Amino acid sequence: MDYKFNPKRIYIEEGALEYPAGRFIKDKFSDKGVPIKIIKTHQRITGIPGKTREQGYREAKKTLVVGIRKSKDFQTCKPSAHYQLPLSTSCPGLCKYCYLNTTLGKKPYLRVYVNIDDILQKAKKYIEERAPEETIFEGAATSDPLPVEEYTGNLKESIEFFAKEPLGRFRFVTKFTNVDSLLSISHNEKTRIRFSLNTDTIIDKHEQGTPGLIDRIKASGKVAEAGYPTGFIIAPIFMYPGFKEEYSELFKKLKEELADTKVTDIPFELITHRFTNRAKKNIEETFPDHDLPMDESERRFKYGQFGYGKYLYSKEEMEDMKSFFEDQIKEHFPTGELTYFV
Ligand code: SF4
C-alpha cells in the first residue's frame, strides 16, 4: 500500500512563496491539477468541506497548508526534550486514539512551515542561552513530520543543522517509512530517529493510513544502518486475546532486523492505552464506528494533575504487562533500556 501523502487541496500563504519550499509545493501540485488557494499570511483556514465531524476530519487530513512560522517562542517539551522544534502540525494518518485529535480541533489539517532557516536560527539562540548545557529539541510534538518531508526537506535541514551544533540535539518519532532521503546526509549522531510500533492487529484496527509493522521495522533498520541513534515507542499497548504472543513477535522481528547493525543503546518507551472522557467523546464523534476498548467499568480511574482524570488498566494488569515487557526487552535486547512504562 502506498502511504505517500497526496493532498487533495492546498492553501499557501502568500509569504510562503518567497521560500524555495513554498514555490516547490506550488509548482509540483499545480502540475498535478490539485486546487491551490493563495491566502494571506497567517489567515484563518476556512472552506474545508465536510457536513459531519467525521467527514470534516477526513477532508482536513487531505488538506495541506503551507505557511510561515511566526518568530514567537518555541513551546517547551518536558520531560523528553527542552523545546519543540516547530516544523509541521498534524499528519495524514487516521489513528483513532491520536492525541492530536483532541489538541488540534475538529479539522486537523496538515500545516508545514517553509521558513526553516528562521526556525533553526531561533533554535540556535536557545542552544546558546543554555550553554554549556545541552539543549534537546523534539520534532514530532505536534505532528508526524515524515509524511511531508519530501515536500519541505525540513527534517533533512534540521538534521544537518544539529550535526554541526555541539550542544544541540534533535529527536523525532514517526510511524512512517520514507526515510531514504535522510540516510546519506551528515547527522553526526546528533539526531535520534524513533519509531512508533504496534502489533499488526492494532495497526489494522486503529491506525488506518499508516504503514504496517514490518515496513516500520525495516525503516528502523535503515536508519540504524545509517548510524543514527534510534529508539522505539510501543504505544498504545492494548490487552487483547493473544496480545503477548503478538508483542513478543514484534520484538523478535525487530531483533532480526537490527541484528546486522551496530546499534546497542536502544531506548524503549512503553505506554499502555488510556483515555479521558474528553478524548472518548471526540473519538465517538470522529469515528462513529470505532471499536476502541473504552469501557470505563473495565478500567481504573486516576485523577490527573489538571482536574480531569484518565481511565487506565488496573494495577494488576499494568504490573503484569510491565513485567512481560521487561522480560521481552531483556531477552531480545540485553543492552536496550526501558526508558519508562506508563
Ligand atoms: S501517525 Fe501519529 S500523528 Fe499521525 S494520526 Fe497516527 S498517532 Fe497521530
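These figures come from a predicted structure and were not determined experimentally. Whatever order the structure lists them in is the order used to number ligands and atoms, beginning at 1. As a basis for the values below, the full set of heavy atoms in this structure was taken, side chains included, without hydrogen atoms, waters or symmetry mates.
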Should R53 and N282 count as side-chain neighbours, where that means a heavy-atom distance under 4.5 Å? yes

Decide whether a cation-pi geometry holds between R300 and Y311; the criteria are a distance under 6.0 Å from NZ or CZ to the six-membered ring centre and an angle within 45° of the ring axis.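 No; the conditions do not both hold, so R300 does not lie above the ring face of Y311.
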
Among all the protein's non-hydrogen atoms, which is closest to atom 5 (S) of ligand 1, and how far away is it?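 Heavy-atom neighbour on the protein nearest atom 5 (S) of ligand 1: G93 O, 3.5 Å.
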
Nearest neighbour in protein (non-hydrogen) for atom 4 (Fe) of ligand 1: C91 SG, 2.2 Å

Heavy-atom contact under 4.0 Å between K61 and ligand 1?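 Under 4.0 Å: yes for K61.
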
So is K175 in contact with ligand 1, going by heavy-atom distances below 4.0 Å?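 Judged by the 4.0 Å heavy-atom criterion, K175 does count as contacting ligand 1.
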
Evaluate the ring planes of F333 and F268, with Trp represented by its six-membered ring, and classify them as parallel (under 30°), tilted (30 to 60°) or perpendicular (over 60°).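 Correct class here is tilted.
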
At under 4.0 Å between heavy atoms, is it the side chain or the backbone of L100 that contacts ligand 1, or both, or neither? side chain

Is a side-chain donor-acceptor pair under 3.5 Å present for Y109 with E59?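 Absent: no donor and acceptor within the cut-off.
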
Looking only at the side chains, is there a donor atom on one of T272 and R274 sitting less than 3.5 Å from an acceptor on the other?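 Note: T272 and R274 side chains meet the donor-acceptor criterion.
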
Salt-bridge criterion met for E160 and K156 (N-O under 4.0 Å): yes

I'd like to know if atom 6 (Fe) of ligand 1 has an N/O/S atom from C95 within less than 2.8 Å of it, counting both backbone and side-chain atoms.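 An N, O or S atom of C95 is closer than 2.8 Å to atom 6 (Fe) of ligand 1, so yes.
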
What are the atoms of ligand 1, with element, lying closer than 4.0 Å to any heavy atom of C98?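 What qualifies from ligand 1 is 3 (S), 5 (S), 7 (S), 8 (Fe).
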
